[in-house]
Amino acid sequence: ESLDKGLEKTKDGFFSKLSRVVAGKSKVDDEILDELEEILITSDVGVETTIKIIQRIEERVAKDKYLNTTELDRILREEIAELLSENNSEDLTEFTLPSTHKPHIILVVGVNGVGKTTTIGKLAAQFKKQGKSVVLGAADTFRAAAVDQLKLWGERIDVPVVAHGMNTDPSAVAFDAVKKGVEMGADLIIVDTAGRLHTKVNLMNELIKIKRVMQKFMPEAPHEILLVLDGSTGQNAFMQAKEFTKATEVTALAITKLDGTAKGGVVIGISDQFKIPVKYIGVGEKVGDLQVFNKAEFVDSLFK
Ligand code: GDP
């Protein structure tokens, strides 16, 4: 299975360490809990979430003083699943669009290099494959490369890409993309944005403006604000989540590059800390390497 393959490094980093910690010991003691804490932190679960998990396990150890180390796997798995459930109530098994409105409009945010363009291309490809009509908007007008790359994806998967010249108004691109999508009777419109974080006020104003022009067509647009984070960047991903959630109402996360990291704990920590569901995970560079986030599958793959 590609999910297992994609997450192999995550698994190795996380749970082979756990088995080394408990090797030769039969009872869960403080030393094991300390080491577990360290494993979680070095796996980028984040301090807050790690403390939460350890506390929950401590409570269970307190209830059952002779808790066997062979059960630690199961308990940790249950606690991670529980934690993920708190922010990921939906269990996604396939790429779906809501049936309540059309077109569905997704605004994509995230800093440069995290895999934003690639994620948009992969996502568009999935819906295109289902026979859905998709329009992309290249509103990252600050980087010629971003526009070119999105156009390339458009050609590759036969999806129209709305783009203007460099340094033009991103909200004008968003306007034209939504206009085109509405005129075409499209099912899905995905709009890329510039990934600048250094001036938060600018970012905020730009996103407000983009949202406002979208709302001229559909008052409830954008239906989703998807934040793309690179799962291999650990604390940077946490920082970006913090900044973007301050700048706009992020409704879902796409966490990329989980194939290239031994630190997939970001998925657990970020979802918990920011109370935002993880909707997609990227496990490679190819068009098929985007998956809907299924928490049961994710936890399973961690413990296989
Ligand atoms: P952007 O600047 O945020 O738009 O980032 P890009 O979409 O250009 O991606 C940056 C690089 O990351 C590219 O080389 C992508 O192929 C690569 N990339 C994106 N997603 C993934 C992923 O899930 N796994 C791996 N291994 N690489 C990825």
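Both counts, for ligands and for their atoms, begin at 1 and track the order of listing. Keep in mind that what you see is a predicted model, and the values were worked out from it rather than measured.
Of the N or O atoms in Gly284, one or more lie within a sub-3.5 Å distance of an N or O in ligand 1. Ligand 1 has a nitrogen or oxygen under 3.5 angstrom from a nitrogen or oxygen of Thr118. The shortest N or O to N or O distance between Asp259 and ligand 1 is under 3.5 Å.
Closest approach of Thr118 to Glu285, counting heavy atoms only: CG2-O, 4.3 Å. Nearest heavy atom pair, residue Leu107 against residue Pro222, reads CB-CB, 4.0 Å.
At a 4.0 Å heavy-atom cut-off, ligand 1 touches Lys122 through the side chain alone. With a 4.0 Å cut-off on non-hydrogen atoms, Val228 does not touch ligand 1 at all.
Within 6.0 Å of CD on Glu38 lie no more than 12 heavy atoms contributed by other residues, nucleotides or ligands. Counting heavy-atom neighbours within 6.0 Å of Lys246 NZ, excluding the residue itself, gives a total above 12.
Contact of the Pro103 side chain with the Asp187 side chain is not registered, since no non-hydrogen atoms from C-beta on lie closer than 4.5 Å. By the 4.5 Å heavy-atom criterion applied to side chains, Asp230 and Ile255 are not counted as neighbours. Side-chain contact between Ile268 and Leu83 is present, with at least one heavy-atom pair separated by less than 4.5 Å.
Using a 4.0 Å cut-off to heavy atoms of Gln149, the atoms of ligand 1 that qualify are 7 (O), 8 (O). For ligand 1, the atoms sitting less than 4.0 Å from at least one non-hydrogen atom of Gly113 are 1 (P), 2 (O), 3 (O), 5 (O), 10 (C), numbered in the order shown with element in parentheses. If you number the atoms of ligand 1 from 1 as listed, the ones under 4.0 Å from a heavy atom of Val283 come out as 23 (O). Interface atoms of ligand 1 facing Arg143, defined by a heavy-atom separation under 4.0 Å, are 2 (O), 4 (O). Near Val111, meaning under 4.0 Å from any of its heavy atoms, are these atoms of ligand 1: 3 (O).
Distances from ligand 1 to the non-hydrogen atoms of Asp289 include no value under 4.0 Å.
Remark: the Asn68 side chain and the Ser26 side chain contain no N/O donor-acceptor pair separated by less than 3.5 Å.
The residue from Lys257, Glu285, Lys286 that puts a heavy atom closest to atom 12 (O) of ligand 1 is Lys257. Across Gly282, Gly231, Gly115, Gly195, heavy-atom proximity to atom 9 (O) of ligand 1 is greatest for Gly115.
Partner Gln240 forms a side-chain contact (heavy atoms from CB on, under 4.5 Å) with one of Leu227, Val228, Leu229 and no other, that one being Leu229.
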